[in-house]
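Accompanying notes for the structure given below.
Quick note: residue numbers are just sequence positions, from 1.
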Amino acid sequence: MKQAVWWAALALMAGMAQAATDSDPLLDGATSGGGAEVRGVLRARSQAVLASELSGRVTEIPFSEGQSFKKGDVLVRFDCSAYQAQANASAAAVRATREELRNKQQLAALNSVGKFEVSLAEARQAQAQAEAQVYQVQVQRCQVKAPFDGQVVQRRVQAHESVASGAALLEIVDNRSLEIHLLVPSSWLGKLKPEQTFSFVPDETGQPFDAVIKRLGARIDEGSQTLLLIASVPANTPGLLSGMSGTAHFAERK
């Protein structure tokens with residue numbers, strides 16, 4: 001839903017840019033304003049909505065909206081008592097089947113049992129080990145860890161709530177790795193190249209910075225006749241957040 005709203009807003013910005021293309025110096029060599037302008041938005045390269053991989057009760061969410069975290073930090077903890085009990089029982093079953101297999105192998109060396117009994121004991125041990133691995137994975141899922149450094153955008157659940165498998169838990173973002181997304185008129189296709197620079201001014205800060213075109217979209221939208229352009233933001237540019245909008249200015253090409 002958020003993605004659709006974002007595309008609609010960016011398409012509206014692009015429509016405004018398309019209306020001005022007849023006087024755009026990038027397109028026809030005119031000198032209107034000494035360059036061309038289009039609207040765009042900042043988006044984070046690393047952003048995610050983390051979901052629960054199991055059903056259970058949330059016991060702790062250490063970070064609140066706006067707080068920063070590091071990769072590997074625990075963002076959500078679940079009540080893991082039932083899963084841990086299953087893991088303990090499966091570990092005991094592995095030990096029992098291991099002893100059974102060892103006993104069968106010793107008896108086989110004395111010709112007291114046949115190969116079939118040994119093979120059966122091996123199969124039971126393999127089954128017990130596989131079940132133990134499943135329960136261990138479930139225990140690991142009782143903690144949701146951060147996949148990258150970032151900040152919490154929104155908590156979708158609270159501590160002490162019970163959630164179903166697949167339920168959204170946290171929305172997170174890394175505002176240190178931002179890109180500019182623009183929808184430019186398709187007639188610009190032959191004028192724009194990777195590594196070309198342009199100026200971008202966020203509405204919220206009013207501070208311009210130089211951005212670099214990294215890649216162009218793979219398809220032109222036939223309805224709006226626009227093309228997606230993605231540019232990089234200089235590292236350590238202060239005051240920028242994902243979702244900011246602004247104006248890109250492309251200097252007149254001689």
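- Look at D73 and K145 and you find no salt bridge, because none of the NZ, NE, NH1 or NH2 atoms lies under 4.0 Å from a carboxylate O.
- Nearest approach of A132 to V94, heavy atoms of both residues: CB-CG2, 3.8 Å.
- Looking only at side-chain heavy atoms (C-beta outward), V152 and F69 come within less than 4.5 Å of each other.
- Taken to the nearest 0.5 Å, the CZ atom of R176 stands 10.5 Å off from the CZ atom of R45.
- Here the side chain of Q151 pairs no donor or acceptor atom with the backbone of Q67 at under 3.5 angstrom.
- Considering every non-hydrogen atom in both A231 and A211, the closest pair reads CB-CB, 4.3 Å.
- At least one side-chain heavy atom of E195 sits less than 4.5 Å from a side-chain heavy atom of V212.
- Side-chain contact between L240 and N175: absent, with no pair of heavy atoms (C-beta onward) separated by less than 4.5 Å.
- Neither side chain, D174 nor Q47, offers a donor N or O lying under 3.5 Å from an acceptor on the other.
- A distance of 12.0 Å separates OG of S68 from CD1 of I172, quoted to the nearest 0.5 Å.
- Under the ring pair (Phe, Tyr, Trp, His ring centres under 6.0 Å) criterion, F78 pairs with no residue, sequence neighbours left out.
- Q105 and V118 get closest at one heavy-atom pair: CG-CG1, 4.2 Å.
- Across all their heavy atoms, K104 and V113 have their closest contact at O-CG2, 3.5 Å.
- Using a cut-off of 4.0 Å between Lys/Arg side-chain N and Asp/Glu carboxylate O, R156 and E171 are scored as salt-bridged.
- Note that CD of E222 and OG of S186 are 11.0 Å apart. Values are rounded to the nearest 0.5 Å.
- Between T247 and R39, the shortest heavy-atom contact is OG1-NH1, 2.9 Å.
- Contact between L101 and Q125 at its shortest, heavy atoms only, is CD2-OE1, 3.1 Å.
- With rounding to the nearest 0.5 angstrom, the NE2 atom of H249 is 11.0 Å from the CG atom of D210.
- For the side-chain contact (heavy atoms from CB on, under 4.5 Å) test with R77, the passing option among T59, I61, V144, V58 is T59; the others fail.
- Between E100 and R124, at least one side-chain N (NZ, or NE/NH1/NH2) sits under 4.0 Å from a carboxylate O, which counts as a salt bridge.
- At least one donor-acceptor pair under 3.5 Å links the side chain of E65 to the backbone N or O of R155.
- With hydrogens and angles ignored, the 3.5 Å screen pairs no side-chain donor or acceptor of E131 with any backbone N or O of A128.
- A salt bridge does not link E122 with K115: every distance from a Lys NZ or Arg NE/NH1/NH2 to an Asp or Glu carboxylate oxygen is 4.0 Å or more.
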- Message: Would N103 and E99 count as a side-chain hydrogen bond (donor to acceptor under 3.5 Å, both in side chains) here? Give the steps.
- Response: CA-CA 6 Å; N103 178 261; E99 290 301 320; over 6 Å; no
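- Taking CZ of F200 as the reference point, atom CZ of F250 lies at 10.0 Å (rounded to 0.5 Å).
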- Going through the distances and angles, do Q86 and Q138 end up as a side-chain contact (heavy atoms from CB on, under 4.5 Å)? CA-CA 9 Å; Q86 291 174 326; Q138 290 178 326; 3.8 Å; yes
- Message: Determine whether L54 and C142 satisfy the following criterion, side-chain contact (heavy atoms from CB on, under 4.5 Å), listing intermediate values before the conclusion.
- Response: CA-CA 8 Å; L54 49 79; C142 290; 4.2 Å; yes
- Mind running side-chain hydrogen bond (donor to acceptor under 3.5 Å, both in side chains) on D203 and S245 for me, showing each step along the way? CA-CA 6 Å; D203 296 339; S245 58; 3.2 Å; yes
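- Checking D221 against Q225 by side-chain atom types alone, no donor-acceptor pair falls below 3.5 Å.
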- Message: Please evaluate residues E179 and V233 with respect to the criterion side-chain contact (heavy atoms from CB on, under 4.5 Å), reporting the C-alpha separation (whole Å), side-chain torsions for both, the decisive distance (0.1 Å), and the verdict.
- Response: CA-CA 6 Å; E179 295 177 330; V233 175; 5.7 Å; no
- Item | S242/L178 under side-chain contact (heavy atoms from CB on, under 4.5 Å): CA gap, chis, key distance, verdict | CA-CA 7 Å; S242 177; L178 298 175; 4.1 Å; yes
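- The structure places CG of L182 at 5.0 Å from CG of L229, a figure rounded to the nearest 0.5 Å.
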